[in-house]
Visitor: 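Below you'll find the structure I mean.
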Amino acid sequence: MRQLWARLISLTRSALRGLSSSPVASGVAVVTIAISLVLVGAFALLASNMRSLLDDFGDALVVAAYLGENVPASEYPALADLARSVEGVESVQVISPEQALERFRVGVGRGAALLEGLSENPLPASLEITLLPEHQSAAGLGVVVESLEGLPGIDDLGSGQQWVEGYLRALALVRGLGIGLGAILGFAALLIVSNTIRLAMLSRRDELELLALVGASRSFVGAPLLLEGALCGAAGSALALALLFLLFQLVVPGFEFGLELLLGGLSPHFFAPSECLALMAAGVAVGVVGSLFALASERFA
Amino acid sequence: MRQLWARLISLTRSALRGLSSSPVASGVAVVTIAISLVLVGAFALLASNMRSLLDDFGDALVVAAYLGENVPASEYPALADLARSVEGVESVQVISPEQALERFRVGVGRGAALLEGLSENPLPASLEITLLPEHQSAAGLGVVVESLEGLPGIDDLGSGQQWVEGYLRALALVRGLGIGLGAILGFAALLIVSNTIRLAMLSRRDELELLALVGASRSFVGAPLLLEGALCGAAGSALALALLFLLFQLVVPGFEFGLELLLGGLSPHFFAPSECLALMAAGVAVGVVGSLFALASERFA
Amino acid sequence: MHDAVRATVGLFHVSKSYAAGHFALRDVCLEFQRGEFALLSGPSGAGKTTLLKLIFAAERASEGQILVLGRNASRLGAAAIPSLRRRIGVVFQDFKLMPRRTVEENVALALEVVGTPRREVRARVFAILKQLGLQDRRFHHPLSLSGGEQQRVAIARALVNEPEILLADEPTGNLDEELSLEIMDLIAAAAKRGTTVIVATHDSAILERYGGRHVRLEHGRVVSEHSTPAGREGE
Amino acid sequence: MHDAVRATVGLFHVSKSYAAGHFALRDVCLEFQRGEFALLSGPSGAGKTTLLKLIFAAERASEGQILVLGRNASRLGAAAIPSLRRRIGVVFQDFKLMPRRTVEENVALALEVVGTPRREVRARVFAILKQLGLQDRRFHHPLSLSGGEQQRVAIARALVNEPEILLADEPTGNLDEELSLEIMDLIAAAAKRGTTVIVATHDSAILERYGGRHVRLEHGRVVSEHSTPAGREGE
Ligand SMILES: Nc1ncnc2c1ncn2[C@@H]1O[C@H](COP(=O)(O)OP(=O)(O)OP(=O)(O)O)[C@@H](O)[C@H]1O
Ligand SMILES: Nc1ncnc2c1ncn2[C@@H]1O[C@H](COP(=O)(O)OP(=O)(O)OP(=O)(O)O)[C@@H](O)[C@H]1O
Ligand SMILES: [Mg+2]
Ligand SMILES: [Mg+2]
């Protein structure tokens with residue numbers, strides 16, 4: 001146990017010595033890791049905030065059946081029961097014109113200014129029809145809409161559908177960006193970091209070659225280098241977190257209106273502590289993997 | 001003239017010799033530039049395609065005034081004239097129910113399957129009201145909507161507005177992403193590239209120091225290094241273009257449906273030749289600027 | 001284990017060619033015993049450095065067998081090389097010091113690779129640096145040392161470990177005559193303690209002063225070999 | 001222009017201290033004339049390399065003035081240093097060859113920095129390599145050369161340019177006696193052609209054989225200085 005401890009201390013010491021003996025190369029590696037992680041992190045932050053928005057979309061994936069103006073309020077429950085019997089419908093809720101206006105106000109945030117000039121409530125009463133999960137798609141929606149269309153008292157199904165359609169596009173957009181850019185970014189960060197560490201090692205090649213000449217085993221050379229990679233990764237991700245937090249604090253107030261449009265009524269949130277830890281872990285992992293790549297690509301013997 | 005030519009040839013020769021004398025470092029620099037440009041380029045490609053979509057949005061920023069079912073087709077022109085007299089309105093076009101359905105079919109692409117089950121045309125006739133440029137905003141829209149509301153024969157103004165609202169969000173989203181991620185990406189790429197070139201120089205520090213010792217002037221040392229940066233940048237951006245093109249060819253068919261939703265009916269396009277050239281130029285510029293940074297941060301004397 | 005074999009270092013019909021057609025060493029047969037002190041001489045390019053490189057497995061022989069401390073150095077796998085090298089001290093012709101480490105760290109390296117405890121490392125490094133007149137320089141970096149000081153650091157690193165074999169390539173090229181002899185005495189003393197010492201040198205003063213075994217290489221071949229029973233170091 | 005001043009190199013009360021309190025050179029006054037051949041000796045760490053470094057402006061004097069080819073080397077701006085260095089050939093104690101360039105490229109460098117046309121570069125590089133017995137090695141890389149071969153490449157680079165001043169720091173440390181004298185003759189011949197030559201050396205054979213001016217440094221001070229009217233190189 002004490003043996004192991006001593007070994008760890010001496011390992012750490014030689015890693016730190018390695019880092020400090022080539023300060024420029026180490027600094028560059030740390031900064032590069034930080035930049036890469038800021039990129040990935042900024043994207044993750046956006047995606048995480050957008051996901052909250054998408055959860056809200058789940059609620060929006062309902063069919064609103066606008067009732068004709070000549071339908072008296074007393075008939076609303078009966079109509080709702082009728083709608084409930086349609087296949088693919090999970091639940092039905094009655095929305096009075098007043099409720100509809102209130103919702104619209106909350107939903108569009110500041111955009112609600114749009115409605116202030118109105119002298120009377122233009123919104124009709126409606127049935128908010130939630131679909132069963134298996135019908136929550138464009139095709140499923142079509143089937144349900146077709147069935148609902150035949151019901152009496154329902155004036156229009158179009159509006160809600162258009163909303164949903166607009167949101168489906170936004171959703172596909174965010175997903176597309178998420179998968180595509182996220183994958184490219186992550187992969188690029190890994191490549192860049194491993195290249196940087198490789199170059200950092202190259203600038204110390206003479207030293208590493210000498211180690212082999214005096215009989216250092218592969219693990220004696222490799223272990224501190226991996227630890228150096230891990231330390232660079234940790235330092236880089238800490239720096240990245242700090243930068244992201246700063247960016248977050250600076251950007252959020254400036255773009256308040258834009259973000260409100262983007263995120264609906266939700267206020268933007270930073271990473272949770274566990275997510276911060278995950279980012280740190282990613283940094284360390286990227287550093288270690290980079291060192292491994294570099295070690296594998298350079299042979300010191 | 002021949003002097004200059006000879007000077008250029010010898011400069012190029014010594015730059016190429018410099019690159020080939022440290023193949024690993026040069027290779028890493030090229031790959032890093034390529035990766036950075038793939039990131040920026042993939043983003044630019046997406047943004048450029050989305051811009052086409054946004055141009056389409058311009059057309060969508062119209063108010064559709066749905067006419068009541070009891071209004072006979074013969075009164076449409078008179079109603080249109082009336083709408084034209086509202087302040088802020090640029091032009092008004094009459095859309096018959098048949099035209100509306102056709103448009104909807106084209107607009108949603110495959111999503112049109114949604115409409116196939118319909119036995120009769122559910123869409124009403126409408127007036128497509130284009131706003132003057134200065135009214136093409138949420139607030140301007142509000143004013144016009146208010147005026148239109150008082151006109152006879154108009155049943156509903158809501159639907160078009162909701163469409164617009166949904167799109168406004170998407171627009172803000174794309175703009176926000178565009179400004180934020182684009183700026184971060186570009187800056188990050190520049191930092192990463194200049195760091196990489198700096199490290200590549202570090203691995204040849206002995207050589208650069210010697211040049212100073214034998215009396216090489218700053219320009220004798222610096223000029224080939226800048227040219228090396230430019231060559232790395234050119235090679236990197238060529239590689240990036242090739243990768244992007246490959247990515248484009250691979251990704252587009254796989255995500256056809258998603259992209260259709262994202263881009264509406266538009267088919268995705270790759271960079272125009274002039275845009276390719278711009279990317280190359282960006283690569284060269286980044287390489288040169290990176291070399292300048294590196295030269296400024298390292299003093300060889 | 002190496003006591004069981006006859007010679008500490010044995011070369012049997014060894015040839016080395018870096019590029020086809022040109023031989024740096026050709027059909028060399030030599031044996032070096034435990035505690036032997038051998039001087040290797042010959043003109044520039046004769047193959048002295050190559051011979052030493054083959055012994056500590058920095059190069060592989062093109063032909064022939066090389067036995068070092070009971071191992072076949074010409075056939076050693078990459079994993080077995082470090083353990084062999086840890087038993088050999090080498091003074092490189094171009095010093096090979098780590099420019100970003102202090103003198104102390106450079107010398108300590110040879111002890112660290114064999115896992116010596118830190119306290120012992122410090123004591124032994126200090127002792128050897130003092131012997132070589134470098135105790136004031138121990139926190140300096142190699143680039144801030146004079147040529148002769150760098151050479152002495154390289155010698156300290158090779159000796160600190162008390163290796164079973166000491167290979168020294170032109171260890172006094174940057175030293176004045178007086179210092180040269182002082183340091184050669186130190187190297188010769190290692191042989192007295194049982195180390196097999198092989199020194200490549202051009203220095204005629206050293207060749208005249210030290211007895212023991214003299215091997216002369218020319219164009220990669222051993223052209224003369226003689227032993228004086230006791231040199232000055234035996235006086 | 002440099003003909004107008006009395007000495008090619010003049011040091012006036014020059015001191016150099018790398019770290020506070022410790023002087024590598026102390027109050028040195030020396031002048032070297034055009035075509036002079038001077039040998040600089042002294043124990044390891046005496047300040048020989050430091051003296052040479054001051055002359056080609058690789059270090060700055062802590063005190064005193066240094067005139068080189070009519071310029072004040074101790075006050076030269078960074079922009080003026082290259083043009084001075086192009087008129088000085090230097091053989092570095094540690095060679096300082098570019099490991100990733102061939103021998104030919106290494107030597108050509110000294111001509112390229114002064115803008116010599118390519119054809120002439122080739123011819124002159126070949127000629128000097130031949131003089132030094134390195135013509136077969138010209139496409140080799142320095143790491144694949146023996147120590148003595150590397151040293152000769154360094155000498156070739158310093159000489160190829162026919163500089164007005166030649167500074168050589170221990171140029172024969174890795175050469176056997178015979179080759180040493182051959183190469184010293186080459187260096188002495190440069191002095192005959194008008195080059196001011198300053199050679200730092202420990203080699204007693206060279207010190208005995210060559211006349212001219214002998215300067216001995218110890219602990220950073222000039223402790224003895226004498227001239228023999230004509231050395232062996234005048235025979
Ligand atoms: N790595 C290599 N690749 C190709 N040729 C080499 C290499 N190392 C040495 N040589 C050649 O092998 C020959 C012997 O070199 P070696 O270094 O053994 O000579 P040496 O006796 O040590 O000479 P010196 O006294 O000059 O150091 C030389 O001609 C040299 O050019
Ligand atoms: N860059 C430096 N920083 C600090 N001290 C230095 C530096 N260069 C040299 N010294 C010290 O200055 C003194 C003189 O060094 P110098 O290299 O001039 O000696 P030298 O006469 O050339 O010796 P040698 O014959 O061993 O090469 C030495 O004690 C050395 O440690
Ligand atoms: Mg040798
Ligand atoms: Mg010196």
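Lettering of chains follows the sequences in order, A, B, ..., and the numbering in each one begins at 1.
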Visitor: Between the main-chain N or O of A:Ala212 and the side-chain N or O of C:Arg85, is there a donor-acceptor pair closer than 3.5 Å?
Guide: yes
Visitor: Atom CD1 of C:Ile88 and atom CG of A:Leu213: how far apart are they, to the nearest 0.5 Å?
Guide: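 If we round to the nearest 0.5 Å, C:Ile88:CD1 and A:Leu213:CG are 11.5 Å apart.
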Visitor: Counting only heavy atoms from other residues, nucleotides and ligands, does the tally under 6.0 Å from OH of C:Tyr18 exceed 12?
Guide: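 Enclosed: over 12 neighbouring heavy atoms sit under 6.0 Å from OH of C:Tyr18.
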Visitor: For a 4.5 angstrom cut-off between non-hydrogen side-chain atoms, does C:Arg86 reach A:Ser217?
Guide: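 Yes, close enough: below the 4.5 Å cut-off.
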Visitor: Kindly compute the distance separating CZ (A:Arg17) from OG1 (C:Thr102), expressed to the nearest 0.5 Å.
Guide: 8.0 Å
Visitor: Quick one: are A:Val214 and C:Asn161 in side-chain contact, heavy atoms under 4.5 Å?
Guide: no
Visitor: Indicate yes or no: at least one non-hydrogen side-chain atom of A:Ser21 is less than 4.5 angstrom from one of C:Arg101.
Guide: yes
Visitor: Output, in order, the C-alpha distance, side-chain angles, deciding distance and verdict of side-chain contact (heavy atoms from CB on, under 4.5 Å) for C:Arg157 and A:Leu210.
Guide: CA-CA 12 Å; C:Arg157 185 180 59 199; A:Leu210 176 69; 3.2 Å; yes
Visitor: Check the surroundings of atom CZ in A:Arg13: do more than 12 heavy atoms from other residues, nucleotides or ligands lie under 6.0 Å from it?
Guide: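 Yes - once you tally the heavy atoms of other residues, nucleotides and ligands closer than 6.0 Å, there are more than 12.
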Visitor: Is the closest side-chain heavy-atom distance between C:Arg100 and A:Asp206 below 4.5 Å?
Guide: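 C:Arg100 vs A:Asp206: side chains touch.
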Visitor: What do you reckon, is CZ of C:Arg75 surrounded by more than 12 foreign heavy atoms closer than 6.0 Å?
Guide: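 Count not over threshold, so no.
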Visitor: Please look at C:Glu112 and chain A and tell me whether the side chain, the backbone, both or neither of the residue comes under 4.5 angstrom of a heavy atom of that chain.
Guide: both
